[in-house]
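Here is the structure we will look at, set down as structure tokens.
Bear in mind the structure is a predicted one, so any value in this text is a computation, not a measurement. Every number for a ligand or one of its atoms is a count from 1 in the order of the listing.
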Amino acid sequence: MAKTKTKFVCQECGYESPKWMGKCPGCNNWNSLVEEREVKGVKAMSHGGSGPARSARAQKIMDLEGKDQPRINTEFMELNRVLGGGLVPGSLNLVGGDPGIGKSTLLLQVSHQIARQGHKVLYISGEESTRQIKLRADRLNIRDDNLYVLAETNVEFIEEQIRDLSPSLVIVDSIQTVFHPEIVSAPGSVAQVRESTSHFMRISKGQGISIVIVGHVTKQGSIAGPRLLEHMVDAVLYFEGERHHAYRILRSVKNRFGSTNEIGIFEMGEKGLREVINPSELFLSERSKGAAGSTVVASMEGTRPVLVELQALITPTSYGTPRRMATGVDHNRIALLMAVLEKRVGLLLQNQDAYVNVAGGVRLDEPAIDLAIAVSIASSFRDKPTRHHDVVIGEVGLTGEVRGVSRIEQRVTEARKLGFKRAIIPAKNMHGWDVPDGIEIVGVQTVEDALHEAIG
Ligand code: TYD
Ligand code: MG
């Protein structure tokens with residue numbers, strides 16, 4: 001049996017100490033010492049004596065087996081897409097989010113949906129008792145022969161149970177509650193979170209089990225145990241949303257098996273989470289007709305076009321420096337677009353406050369939304385409404401030129417599907433694709449052209 005002991009290692013300079021210290025004597029940084037587990041005798045055990053370690057042999061890439069393993073269908077199309085086509089067997093995934101956002105609900109529903117296909121699923125909770133889980137399961141109408149529940153926080157006991165049961169999927173809710181008995185620091189500390197995660201990594205890779213770890217997000221917005229979880233796992237998904245809104249967005253920020261541009265949209269209801277298949281309808285549902293400062297854009301969220309309303313409110317600054325506030329879009333982008341409108345179109349915006357908002361609580365970060373922001377700002381400033389059936393697409397350059405965007409056909413087709421009659425698009429995107437019937441396209445060269453078309 002390997003003998004273990006812990007030591008404290010400075011994360012900045014690597015200084016080692018047998019006990020914890022607030023300040024590292026090596027590099028004088030504060031609070032940089034973190035407990036680590038030292039495993040003695042591993043070398044001798046695994047390599048059978050002295051001499052160089054025997055390691056894997058280099059192989060020709062042609063000879064490697066690269067069969068694509070079938071993925072596990074979670075039965076949530078939104079989640080499957082964010083994962084890149086379903087859950088990869090033997091992968092380690094992290095689902096992060098604020099407490100109370102719905103992580104446990106989502107994963108219990110996913111467990112049910114996977115268990116009913118005949119896969120064995122083990123749901124481990126360190127936060128709730130089995131009775132609480134049962135109550136939630138009843139509320140969600142979940143009863144499955146293949147779904148097992150375990151209220152345990154010691155990773156060694158958890159490993160034993162996983163070995164006995166050999167499930168296809170394990171949910172660990174949450175990483176902040178589990179602990180390794182050989183680490184003295186409290187559950188949720190950096191050392192515990194790291195040690196437990198590497199434990200789960202060994203289990204998932206060694207036994208080919210998919211593991212989903214839940215991680216609560218700290219106030220600074222990182223998963224506790226600063227980012228250290230993110231590079232250990234295969235995929236990191238964040239579950240976001242306003243607690244007061246029913247909508248929840250699942251976003252991937254890292255994915256070894258798919259793209260990180262995808263988002264999945266869910267709605268929290270009485271009976272748990274429901275997927276939102278057509279988000280454009282949702283984002284446009286509360287739009288008011290004929291209001292100045294509102295423009296609709298077709299933005300690409302990964303492979304899917306989403307129609308979103310961009311709102312701007314421009315009011316004279318009462319005193320001091322003008323305010324520039326943005327929710328859902330980059331604040332610097334607003335400043336840049338206002339400067340372009342001022343210099344190239346001649347709108348006097350320097351003594352105006354600007355508030356720009358993406359309706360519905362989504363975050364957009366592609367340049368194709370520039371033109372719609374500019375139109376909204378000008379529309380609010382001049383107090384002239386945009387046309388209700390227009391959608392505006394285009395990137396804006398510093399000279400006021402409108403630049404081409406990718407996937408114009410998909411964007412315009414989505415707008416057409418939702419009943420939009422006209423699309424104002426970059427002149428460069430006018431040719432080379434099939435315009436769907438029932439929508440008119442107008443090409444514009446400059447922001448000024450676009451304003452002329454949109455608000456006259
Ligand atoms: P939960 O999944 O416990 O959040 P997390 O695990 O991220 O901390 O979700 C808790 C919230 O969801 C709670 O405020 C109640 C609400 N909820 C519903 O609105 N409907 C439901 O069917 C369920 C199960 C929860
Ligand atoms: Mg929970």
Side-chain angles (χ1 to χ4, degrees), residues 74-76 78-79 82-83 87 92-116 121-144 147-155 158 169-179 187-188 192-193 196-197 200 210-225 229-230 233 235-253 263-276 282 360-361:
T74 64
E75 295 191 6
F76 272 140
E78 295 291 291
L79 175 59
V82 172
L83 286 168
L87 201 56
L92 185 63
N93 307 277
L94 176 67
V95 173
D98 289 327
I101 205 75
K103 301 181 294 298
S104 304
T105 308
L106 175 74
L107 292 170
L108 194 60
Q109 286 181 266
V110 167
S111 300
H112 158 65
Q113 287 163 193
I114 290 178
R116 73 176 171 204
V121 179
L122 174 61
Y123 184 100
I124 300 160
S125 181
E127 309 208 321
E128 292 163 299
S129 66
T130 42
R131 249 195 59 222
Q132 280 172 302
I133 300 170
K134 172 72 180 147
L135 284 175
R136 190 197 298 252
D138 283 344
R139 179 171 172 182
L140 300 172
N141 219 345
I142 291 175
R143 49 179 75 83
D144 282 293
L147 180 53
Y148 295 77
V149 173
L150 171 69
E152 177 58 69
T153 52
N154 182 329
V155 289
I158 291 175
L169 170 68
V170 174
I171 313 280
V172 182
D173 188 3
S174 66
I175 193 69
Q176 278 104 1
T177 56
V178 295
F179 70 97
Q192 285 289 7
V193 166
S196 313
T197 306
F200 289 122
S210 303
I211 300 186
V212 179
I213 293 175
V214 173
H216 293 298
V217 170
T218 57
K219 290 210 180 56
Q220 300 83 37
S222 63
I223 287 179
L229 272 179
E230 294 194 353
V233 299
V236 181
L237 312 181
Y238 276 96
F239 207 34
E240 317 174 329
E242 295 276 326
R243 236 203 270 189
H244 309 288
H245 278 93
Y247 303 112
R248 301 283 183 270
I249 294 170
L250 191 65
R251 187 185 294 280
S252 119
V253 297
I263 61 168
I265 301 173
F266 294 86
E267 186 178 359
M268 179 67 93
E270 280 297 301
K271 291 226 176 308
L273 291 155
R274 201 175 55 81
E275 20 183 9
V276 174
L282 167 84

- Query: Gly269 heavy atoms, cut-off 4.0 Å: which ligand 1 atoms fall inside?
  - Reply: 18 (C), 19 (O), 20 (N), 21 (C), 22 (O)
- Message: I'd like to check Arg136 versus Leu108 (side-chain heavy atoms, cut-off strictly below 4.5 Å). Are they in contact?
- Response: yes
- Starting from atom 17 (N) of ligand 1, which protein heavy atom do you reach first, and at what distance in Å? Met268 SD, 3.7 Å
- Query: Does Glu78 reach the main-chain N or O of Glu275 with its side chain, forming a donor-acceptor pair under 3.5 Å?
  - Reply: no
- Message: For the CD1 atom of Ile124 and the CD1 atom of Ile213, what is their distance to the nearest 0.5 Å?
- Response: 10.0 Å
- Item | Backbone of Asp98 reached by a side-chain donor or acceptor of Lys103 within 3.5 Å | yes
- Query: Taking both backbone and side chain into account, is any N, O or S atom of Thr105 nearer than 2.8 Å to the Mg ion (ligand 2)?
  - Reply: no
- For ligand 1, which atoms, with element, lie under 4.0 Å from some heavy atom of Arg136? 1 (P), 2 (O), 3 (O), 24 (C)
- Task: Report the nearest protein non-hydrogen atom to atom 2 (O) of ligand 1: residue, atom name, distance rounded to 0.1 Å.
- Result: Thr105 OG1, 2.6 Å
- For atom 4 (O) of ligand 1, which protein heavy atom lies nearest, and how many Å away is it? Gly102 N, 3.1 Å
- With heavy atoms only and a cut-off of under 4.0 Å, state how Glu270 meets ligand 1: side chain, backbone, both or neither. backbone
- Donor-acceptor under 3.5 Å (Glu267 side chain, Ala246 main chain): no
- Query: Are side-chain heavy atoms of Tyr123 and Ser104 found at a separation under 4.5 Å?
  - Reply: yes
- Heavy-atom proximity to atom 7 (O) of ligand 1, best of Gln109, Arg248, Lys103: Lys103
- Message: For ligand 1 and Pro99, I'd like to know whether there is a polar contact (N/O to N/O, distance under 3.5 Å).
- Response: no
- Proximity to ligand 1 by part of Lys271, non-hydrogen separation under 4.0 Å: backbone
- Task: Flag atom 13 (C) of ligand 1 as yes if some protein heavy-atom distance to it falls below 4.0 Å, otherwise no.
- Result: no
- Task: Just need the protein heavy atom nearest to atom 11 (C) of ligand 1, so name the residue and atom and give the distance.
- Result: Gly100 O, 3.6 Å
- Message: Within the structure provided, determine whether Val233 and Phe200 are in side-chain contact (heavy-atom separation under 4.5 Å).
- Response: no
- Query: Using a heavy-atom cut-off of under 4.0 Å, does the side chain or the backbone of Val214 touch ligand 1, or both, or neither?
  - Reply: neither
- Task: Give a yes or no answer on whether the side chain of Gln109 reaches the backbone of Gly272 with a donor-acceptor pair at less than 3.5 Å.
- Result: no
- Side-chain contact, heavy-atom cut-off 4.5 Å: Phe239 with Leu107? no
- At what distance is the nearest protein heavy atom to atom 22 (O) of ligand 1, and which residue and atom is it? Gly272 N, 2.7 Å
- Message: Give the atom numbers and elements of ligand 1 that come within less than 4.0 Å of a heavy atom of Ser104.
- Response: 2 (O), 5 (P), 6 (O)
- Backbone of Met268 reached by a side-chain donor or acceptor of Arg248 within 3.5 Å: no
